[in-house]
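Reading through the structure tokens given below for one structure.
FYI, side chains are in, hydrogens and waters are out, and symmetry mates aren't considered; it's all heavy atoms of this structure. Just so you know, these numbers come straight off a predicted model, no measurement behind them.
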Amino acid sequence: MDLSAANMNLGLEVESAKRVVETIQYIVIRLGDEQYGIDIRNIDNIVRMQHITRVPKMPIYLRGVINLRGEVIPVLSMRLKMGLANDEFTKNTRIIVVKLEQEGNVGFLVDEVKEVVTLSMDEIEKINYNGTEDKINLINAVGKHNDELISLVDLNAISLDEN
């Protein structure tokens with residue numbers, strides 16, 4: 001009876017189980033030419049573009065509000081929040097409704113929802129910045145998937161307040 005081989009197999013199974021647990025699913029979105037990932041656990045809904053009611057005296061990146069099944073939800077332009085060019089509305093434009101800890105449900109206006117990817121922890125690299133630029137602060141990691149890089153959005157860094 002080879003006990004060391006049995007222990008080694010058990011160790012491999014435990015290690016394999018750990019790798020399965022340490023994965024996160026992200027919705028991959030497109031803003032301009034860039035790809036970004038949003039943790040799927042925070043996403044409440046994805047809806048087609050609809051009429052956004054403008055609210056006066058709000059920061060430029062807050063496009064207004066929508067009524068989604070009786071709930072009024074503020075809609076934030078991810079492009080403008082990240083310092084990119086103004087939104088271009090196409091048939092692929094979507095509003096991703098995300099639940100933020102501080103703000104409740106918020107809609108993110110994005111150019112396109114591409115796919116759902118599963119990234120293991122070893123495919124994600126954390127980024128540390130010393131800068132204060134909004135775009136930099138909104139990205140906390142980069143994921144590697146099929147030889148492409150996906151900037152991962154830090155939802156905790158997003159605020160409706162002007163900073």
Side-chain angles (χ1 to χ4, degrees), residues 21-121 123-129 131-146 148-163:
V21 172
E22 295 176 0
T23 61
I24 301 174
Q25 286 189 309
Y26 290 91
I27 293 269
V28 177
I29 62 168
R30 185 180 57 78
L31 296 174
D33 295 331
E34 300 291 322
Q35 292 190 120
Y36 297 90
I38 299 175
D39 189 333
I40 201 167
R41 296 173 293 189
N42 298 313
I43 295 177
D44 185 56
N45 209 330
I46 299 174
V47 295
R48 291 187 185 278
M49 187 60 196
Q50 56 184 277
H51 175 72
I52 299 173
T53 303
R54 185 83 182 123
V55 179
K57 298 186 180 183
M58 296 301 287
I60 189 72
Y61 58 82
L62 276 174
R63 302 298 283 191
V65 295
I66 60 170
N67 183 341
L68 186 63
R69 293 186 290 280
E71 182 181 1
V72 175
I73 298 173
V75 176
L76 180 145
S77 167
M78 289 296 287
R79 275 180 167 237
L80 294 178
K81 185 71 173 168
M82 293 187 160
L84 302 173
N86 205 352
D87 297 296
E88 297 173 12
F89 301 106
T90 68
K91 63 181 175 65
N92 293 326
T93 302
R94 296 290 183 268
I95 299 172
I96 299 177
V97 180
V98 177
K99 185 166 282 300
L100 299 179
E101 287 179 22
Q102 302 292 325
E103 312 287 352
N105 282 347
V106 175
F108 290 163
L109 196 56
V110 302
D111 293 347
E112 179 182 9
V113 174
K114 294 183 73 172
E115 62 183 328
V116 175
V117 298
T118 302
L119 299 176
S120 63
M121 296 311 277
E123 294 174 307
I124 298 172
E125 284 192 33
K126 293 281 184 198
I127 300 175
N128 294 319
Y129 288 109
T132 57
E133 190 179 329
D134 279 348
K135 181 179 178 182
I136 291 173
N137 291 334
L138 295 177
I139 306 302
N140 67 349
V142 174
K144 291 174 258 177
H145 179 71
N146 293 343
E148 291 184 333
L149 296 178
I150 302 167
S151 299
L152 304 179
V153 178
D154 179 8
L155 293 176
N156 295 323
I158 295 177
S159 169
L160 298 183
D161 298 328
E162 205 158 1
N163 12 348

Original post:
Only one of Ile95, Val97, Ile73, Ile96 clears side chain to side chain contact (heavy atoms under 4.5 Å, CB included) with Asn45; which?
Top reply: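 One option only clears the test, and that one is Val97.
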Original post:
Looking at Leu109, Ile27, Ile46, which one forms a side chain to side chain contact (heavy atoms under 4.5 Å, CB included) with Arg94?
Top reply: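 Single pass found, and it is Ile46.
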**OP:** Give the C-alpha distance, both sets of side-chain angles, the deciding distance and a yes or no for side chain to side chain contact (heavy atoms under 4.5 Å, CB included) between Met82 and Val153.
**Re:** CA-CA 11 Å; Met82 293 187 160; Val153 178; 4.2 Å; yes
Rounded to the nearest 0.5 Å, what separation is found between the [atom1] atom of [X] and the [atom2] atom of [Y]?
X	Y	atom1	atom2	answer
Ser151	Asn140	OG	CG	10.0 Å
Leu31	Phe108	CG	CZ	10.5 Å
Glu123	Ile24	CD	CD1	11.0 Å
Leu149	Gln35	CG	CD	9.0 Å
Glu112	Lys91	CD	NZ	8.0 Å
Leu155	Lys99	CG	NZ	12.5 Å

Taking every non-hydrogen atom, the tightest pair across [X] and [Y]:
X	Y	answer
Lys81	Leu138	CG-CD1, 3.7 Å
Ser77	Asp87	OG-OD2, 2.7 Å
Pro74	Asn105	CD-O, 3.5 Å
Val47	Gln50	CG2-NE2, 3.9 Å

Tell me, yes or no, whether the heavy-atom count around [X] atom [atom1], taken from other residues, nucleotides or ligands under 6.0 Å, exceeds 12.
X	atom1	value
Glu115	CD	yes
Gln25	CD	yes
Arg48	CZ	no

**OP:** Go through the steps for Tyr26 and Ile150 under the test side chain to side chain contact (heavy atoms under 4.5 Å, CB included), then give the verdict.
**Re:** CA-CA 10 Å; Tyr26 290 91; Ile150 302 167; 6.0 Å; no
Between [X] and [Y], is there a donor-acceptor pair closer than 3.5 Å when you use the side chain of the first and the backbone of the second?
X	Y	answer
Asp39	Arg41	yes
Glu71	Leu68	no
Arg63	Val65	no

**OP:** Show the numbers, then the answer: is there a side chain to side chain contact (heavy atoms under 4.5 Å, CB included) between Arg79 and Asp111?
**Re:** CA-CA 9 Å; Arg79 275 180 167 237; Asp111 293 347; 2.8 Å; yes
**OP:** Test side chain to side chain contact (heavy atoms under 4.5 Å, CB included) on Leu62 and Leu76 and set out the steps.
**Re:** CA-CA 5 Å; Leu62 276 174; Leu76 180 145; 4.2 Å; yes
